[in-house]
Amino acid sequence: NQSWRNKDLSEKIAALISKNDTNISIINSGVNGNRILDIKNRAMDVLFLNRILPTDFILVVWDSDASDVDESELSEDEVLNLRHNFAINLKDVIYMLQKYTSYIAIGGPVILGEGESCPHRLKKLETIEYYKAVTQNITLSNGIDYMDLRKAFLSAIPNTWQSCEGLLTSDGEHPNEKGTQLEASILAEQINKWFKFKDRSISPIHR
């Protein structure tokens, strides 16, 4: 997202990707706090109304659906409805992206300061793991690469769950400089994999 939390993510990715394609441009056009419905509406606006030209690849990472609503304050029916709509909207986003892009990778949620030691313990572990499982299952079932950023962060974060140290900012939610570098390395690895096996003849854009 384009905010103070970005910490030059685009530049970090660009520095790590292969240089064998001189037409590579990394564009970070996300919006901080976007949930899946926001992303769906933006995709419709940008793709269906042809405000931008189709691109070769797109990476989508988000946490907001798992972090911005406290399910403990909702009724059981409200939680079920919220989660049901998340799955529907995610499938709609994937459908739109597959029509207009050659390669897609999705990741999220990552890590949200749910550890006991974090002063801003945001959500129950079950909520985060639920949204990750749904995102991963829907992504893979549609033949899209899933980037397991959460696994990478959990592997790198201190065992003491001092999530406000090392990889995240003081809110225990957003990656700091080191965390952004880790995120960039995973995204760059995905892009490099696409370049290695890329066959433009099968691209819906280059047919």
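- Taking every heavy atom of both residues into account, L16 and S185 meet most closely at CD1-CA, 3.6 Å.
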Practice problem: Tell me, with the steps shown, if D148 and K132 meet side chain to side chain contact (heavy atoms under 4.5 Å, CB included). | Solution: CA-CA 9 Å; D148 201 338; K132 179 194 170 183; 3.0 Å; yes

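- For the atom pair CD of E126 and CD of E71, the computed distance is 7.0 Å after rounding to the nearest 0.5 Å.
- Checked by atom type and distance alone, the side chain of D38 pairs as donor or acceptor with a backbone atom of R35 at under 3.5 Å.
- L37 and I138 fall into different hydrophobic clusters, defined by Ile, Leu, Val, Met, Phe, Trp and Tyr side-chain heavy atoms under 4.5 Å apart, directly or through other members.
- Minimum heavy-atom separation, I104 to I144: O-CG2, 3.1 Å.
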Exercise. Output, in order, the C-alpha distance, side-chain angles, deciding distance and verdict of salt bridge (charged side-chain N to carboxylate O under 4.0 Å, His left out) for E129 and R150.
Key: CA-CA 10 Å; E129 292 294 349; R150 178 170 173 79; 3.2 Å; yes

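- In this structure a side-chain-to-backbone donor-acceptor pair under 3.5 Å is missing from N81 to D77.
- Using cut-offs of 30° and 60° on the angle between ring planes, the pair Y131 and F86 is perpendicular.
- Taking every heavy atom of both residues into account, A87 and V134 meet most closely at CB-CG1, 4.4 Å.
- Contact record, V93 with I36: CG2-CD1, 3.8 Å, taken as the closest heavy-atom pair.
- D65 contributes atom CG, which lies 10.5 Å from atom CG of N85 (distance to the nearest 0.5 angstrom).
- A distance of 10.0 Å separates CG in L82 from OG1 in T127, rounded to the nearest 0.5 Å.
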Practice problem: For Q190 and D145, run side chain to side chain donor-acceptor pair (under 3.5 Å): C-alpha distance rounded to whole Å, both residues' side-chain angles, the deciding distance at 0.1 Å, then the answer. | Solution: CA-CA 8 Å; Q190 179 66 52; D145 290 332; 2.8 Å; yes

Practice problem: Would you check, one step at a time, whether the test side chain to side chain contact (heavy atoms under 4.5 Å, CB included) holds for I106 with M147? | Solution: CA-CA 6 Å; I106 291 177; M147 302 173 293; 5.8 Å; no

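- A donor-acceptor contact shorter than 3.5 Å links the side chain of Q98 to the backbone of N142.
- Distance check: L167 CG to F153 CZ gives 6.0 Å after rounding to the nearest 0.5 Å.
- Residues P175 and G179 come closest through the heavy atom pair CB-C, 3.7 Å.
- Here the CD atom belonging to E183 is positioned 5.0 Å from the CG atom belonging to L9, to the nearest 0.5 angstrom.
- Considering only heavy atoms from C-beta on, D8 stays 4.5 Å or farther from T180 through its side chain.
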Practice problem: Could you go through the salt bridge (charged side-chain N to carboxylate O under 4.0 Å, His left out) check for R83 and E78 one step at a time? | Solution: CA-CA 9 Å; R83 294 183 173 190; E78 287 174 327; over 6 Å; no

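- When the side-chain hydrogen bond (donor to acceptor under 3.5 Å, both in side chains) test is applied to Q181, no partner is found at least two apart in sequence or on another chain.
- Hydrophobic clustering (side-chain heavy atoms under 4.5 Å, transitive across Ile, Leu, Val, Met, Phe, Trp, Tyr) keeps L97 apart from Y146.
- Sparse packing is recorded around CD of E76, with 12 or fewer heavy atoms of other residues, nucleotides or ligands lying under 6.0 Å away.
- Between I17 and A14 the shortest heavy-atom distance is CG1-O, 3.4 Å.
- Rounding to the nearest 0.5 Å places CD1 of I128 at 14.5 Å from OH of Y130.
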